[in-house]
Amino acid sequence: MLRSISCLSLALSLALPAAAQADGKPKQLVMISFDGAHDVALWTKSREIASRNGAHFTYFLSCTFLMNKAQAKAYQGPMQRPGKSNVGFAKSEDDVRTRIANIWGAHLEGHDISSHACGHFDGKGWSAADWKQEFMNARVALRDAWKNVGVADKEPQGWEDFATHDVKGFRAPYLSTSDGLVPAEKEMGFQYDASLVTKGPALPQVVDGLYRFGLPLIPEGPEHRLVIGMDYNLYVRHSKGAEDKANAKTYEDRTFDAFEAAFNKQYDGERIPLQLGFHFVEMNDGAYWRALDRFVSDVCHKQDVACVSYSEAIPLIAARGKPQQG
């Protein structure tokens with residue numbers, strides 16, 4: 001009920017004008033997502049940005065950040081030794097307790113909680129069984145999170161159903177996929193995948209009913225060179241993946257300008273949904289998160305713009321007509 005109430009005003013604003021506005025154009029959709037979703041301070045910051053701007057985000061959760069020491073020792077990803085994770089594990093059980101409270105709060109606020117699997121491994125050589133193994137690890141870790149950190153009595157009513165049935169999307173670590181991914185996603189009941197990269201903003205492909213979204217290449221910088229619309233790729237472009245606090249304001253402004261230009265091209269044109277990706281890491285002294293805040297604060301209040309989660313975007317895109325078939 002709480003989730004329904006929190007989503008009501010956004011749903012009403014989207015329902016009737018979804019297919020076309022008075023001028024025949026659809027709403028401009030903006031989909032902001034976060035990979036990893038671990039740092040609790042950034043949970044707070046992202047939720048505040050969304051609340052202030054009437055936006056819904058998508059959080060691709062890495063499940064190792066829900067694991068206590070015993071679980072971390074027992075966890076084994078496909079083709080990996082037990083206890084290994086490329087992104088580490090939760091700092092403590094208190095850390096997990098704070099994180100799962102944020103996850104539930106974000107869920108009630110209307111954000112998507114989706115999957116980034118567990119140990120952040122490159123799945124380019126994985127079979128469908130390997131992907132399913134990792135997806136099940138993630139589902140169980142989320143489902144049992146309150147019990148595993150000693151607060152089963154505080155588990156919210158509806159948590160188990162949420163963890164089992166409401167995680168509907170996935171983004172592959174490193175955006176690396178294999179032929180086994182889509183069959184495993186279908187078997188696990190996912191509605192969408194967001195692991196592709198497209199030449200620019202593009203409508204999703206639909207493969208056997210699964211919506212496949214891609215982060216776009218967007219022009220950036222003085223030479224307008226293309227870069228994936230994601231903070232890490234900008235970080236590598238700007239400072240070769242090394243912290244450069246001295247030039248953080250320059251990087252922030254370049255990023256904001258690139259986001260604005262990509263948005264304006266679609267808003268003034270065909271209104272293809274714009275997708276941008278981030279991590280729960282403030283690279284280059286927070287330059288990309290500050291650019292995100294500025295961007296969301298600007299565009300999400302514009303007429304005929306909806307800043308939505310991926311699951312909210314799907315029916316709005318479907319209302320436009322038949323998406324590209326994969």
Exercise. Does the side chain of M31 come within less than 4.5 Å of S309's, by heavy atoms?
Worked result: no

For this session: Say whether, by atom type as modelled, one donor and one acceptor occur between the side chain of H38 and the main chain of F89 under 3.5 angstrom.
Result: no

Exercise. Are side-chain heavy atoms of L234 and V227 found at a separation under 4.5 Å?
Worked result: yes

For this session: Report yes if some heavy atom in the side chain of V30 is under 4.5 Å from a heavy atom in the side chain of V308; otherwise report no.
Result: no

For this session: Could you please spell out the steps behind the side-chain contact (heavy atoms from CB on, under 4.5 Å) verdict for D35 and F278?
Result: CA-CA 6 Å; D35 290 6; F278 298 84; over 6 Å; no

Problem set entry | Shortest non-hydrogen separation from V299 to E260 and the atoms involved | CG1-OE2, 3.6 Å

Exercise. To the nearest 0.5 Å, what is the distance between CD1 (I32) and NE2 (H111)?
Worked result: 12.0 Å

Problem set entry | Aromatic centroids of F34 and Y59 separated by under 6.0 Å | yes

Exercise. Going by heavy atoms in the side chains, are E252 and Y288 under 4.5 Å from each other?
Worked result: no

Exercise. Does F65 share a hydrophobic cluster with Y75, counting links as ILVMFWY side-chain heavy atoms below 4.5 Å and allowing steps through other members?
Worked result: no

Problem set entry | Joint hydrophobic cluster, F60 plus L196, side-chain heavy atoms closer than 4.5 Å | no

Exercise. Is any side-chain heavy atom of E220 less than 4.5 Å from a side-chain heavy atom of H238?
Worked result: yes

Exercise. Got more than 12 heavy atoms from elsewhere within 6.0 Å of CG, D153?
Worked result: yes

For this session: Could you tell me whether a side-chain N or O of D95 sits under 3.5 Å from a main-chain N or O of A90, the two making a donor and an acceptor?
Result: no

Seminar exercise, completed: Sorted by chain and residue number, the salt bridge (charged side-chain N to carboxylate O under 4.0 Å, His left out) partners of E282 (sequence neighbours excluded) come out as K45

For this session: Indicate yes or no: at least one non-hydrogen side-chain atom of Q275 is less than 4.5 angstrom from one of P216.
Result: yes

Exercise. Closest approach of S195 and T177, non-hydrogen atoms and distance?
Worked result: CB-CG2, 3.7 Å

Exercise. Closest heavy-atom contact between L215 and G229?
Worked result: CD2-O, 4.2 Å

Seminar exercise, completed: P183 and A128 have their tightest heavy-atom pair at CB-CB, 4.4 Å

Seminar exercise, completed: Rounded to the nearest 0.5 angstrom, the CG-CZ distance for N148 and R97 is 11.0 Å

Exercise. Would L175 and L226 show up in the same hydrophobic cluster when neighbours are defined by side-chain heavy atoms closer than 4.5 Å?
Worked result: yes

Exercise. Can we call the ring centroids of F190 and F135 under 6.0 Å apart?
Worked result: yes

Exercise. Would you find more than 12 non-hydrogen atoms of other residues, nucleotides or ligands less than 6.0 Å from F162 atom CZ?
Worked result: yes

Exercise. Counting only N and O atoms by type, is there a donor-acceptor contact under 3.5 Å from the side chain of S239 to the main-chain atoms of A242?
Worked result: yes

Exercise. Would you call R99 and I103 a side-chain contact if the rule is heavy atoms closer than 4.5 Å?
Worked result: yes

Exercise. Can you tell me if E93 uses its side chain to pair, donor with acceptor, with the backbone of N68 under 3.5 Å?
Worked result: no

Exercise. If only atom types and distance count, is the side chain of R171 paired as donor or acceptor with the main-chain N or O of A194 below 3.5 Å?
Worked result: yes

Exercise. Roughly how far, to the nearest 0.5 Å, is the CG atom of N53 from the CZ atom of F295?
Worked result: 11.0 Å

Exercise. Honestly curious: do M136 and L181 fall in one hydrophobic cluster under the side-chain, below-4.5 Å linking rule?
Worked result: yes

Problem set entry | Aromatic centroids of Y211 and Y192 separated by under 6.0 Å | no

For this session: Determine, stepwise, if the pair R139 / T164 fulfils side-chain hydrogen bond (donor to acceptor under 3.5 Å, both in side chains).
Result: CA-CA 6 Å; R139 179 175 290 179; T164 305; 5.7 Å; no

Exercise. Is the count of non-hydrogen atoms from other residues, nucleotides or ligands lying under 6.0 Å from E160 atom CD greater than 12?
Worked result: no

For this session: Verify side-chain contact (heavy atoms from CB on, under 4.5 Å) between D166 and I113, making sure each step is shown before the conclusion.
Result: CA-CA 8 Å; D166 285 356; I113 307 300; over 6 Å; no

Exercise. To the nearest 0.5 Å, what is the distance between NZ (K186) and CG (D208)?
Worked result: 6.0 Å

Problem set entry | Under 3.5 Å donor-acceptor, D285 side chain and A248 backbone | no

For this session: Compute the ring centroids of W289 and F280, then answer whether they are less than 6.0 Å apart.
Result: yes

Seminar exercise, completed: Output for pair (M67 CE, C118 SG), nearest 0.5 Å, gives 4.5 Å

Problem set entry | side-chain hydrogen bond (donor to acceptor under 3.5 Å, both in side chains) contacts in which one or both residues fall within residues 240-249, not counting sequence neighbours | Y235-E243, D244-N247, D244-Y251, K249-D253

Problem set entry | V206 reachable from I317 in the ILVMFWY side-chain graph, under 4.5 Å edges | yes

For this session: With rounding to the nearest 0.5 Å, note down the distance linking CH2 in W126 to NZ in K132.
Result: 15.0 Å

Seminar exercise, completed: A306 and K27 have their tightest heavy-atom pair at CB-CD, 4.2 Å

Seminar exercise, completed: The side chain to side chain contact (heavy atoms under 4.5 Å, CB included) partner of F263 among V305, D268, D298 is V305

For this session: Decide yes or no for R47 and N102: does some side-chain heavy atom of the first lie under 4.5 Å from some side-chain heavy atom of the second?
Result: yes

Problem set entry | Distance flag, aromatic centroids of F213 and Y310, threshold under 6.0 Å | yes

For this session: Assert yes or no for the condition that the ring centre distance of H116 to F170 is strictly below 6.0 Å.
Result: no

For this session: Indicate yes or no for a side-chain donor-acceptor contact from D39 to the backbone of L42 under 3.5 Å, with no hydrogens or angles considered.
Result: yes

For this session: Give a yes or no on whether the backbone of I272 and the side-chain of Q28 come within a donor-acceptor separation of less than 3.5 Å.
Result: yes

For this session: Check the surroundings of atom NZ in K154: do more than 12 heavy atoms from other residues, nucleotides or ligands lie under 6.0 Å from it?
Result: no

Exercise. Is there a donor-acceptor pair closer than 3.5 Å between any side-chain N or O of E134 and the backbone N or O of W131?
Worked result: no

Exercise. Where do T64 and S62 land on the side-chain hydrogen bond (donor to acceptor under 3.5 Å, both in side chains) test, with the steps shown first?
Worked result: CA-CA 6 Å; T64 55; S62 295; 5.6 Å; no

For this session: Evaluate the side-chain contact (heavy atoms from CB on, under 4.5 Å) criterion for residues I218 and F259: first the C-alpha distance (whole Å), next the side-chain angles of each, then the deciding distance (0.1 Å), finally the verdict.
Result: CA-CA 8 Å; I218 61 174; F259 292 168; 4.0 Å; yes

Exercise. Does atom NZ of K84 have more than 12 heavy-atom neighbours, drawn from other residues, nucleotides or ligands, at distances under 6.0 Å?
Worked result: yes

Problem set entry | Side-chain donor/acceptor of S176 to backbone N/O of A172, under 3.5 Å | no

For this session: Sort and list the pairs that fulfil salt bridge (Lys or Arg N to Asp or Glu O under 4.0 Å) and have at least one residue in residues 49-58, not counting sequence neighbours.
Result: E48-R52, R52-D293

For this session: Could you tell me which non-hydrogen atom of G125 sits nearest to which non-hydrogen atom of M79, and how far apart they are?
Result: O-CE, 3.6 Å

Exercise. Yes or no on side-chain contact (heavy atoms from CB on, under 4.5 Å) for R237 and R254, after CA distance, side-chain angles and deciding distance?
Worked result: CA-CA 11 Å; R237 161 74 60 83; R254 280 179 54 165; 4.3 Å; yes

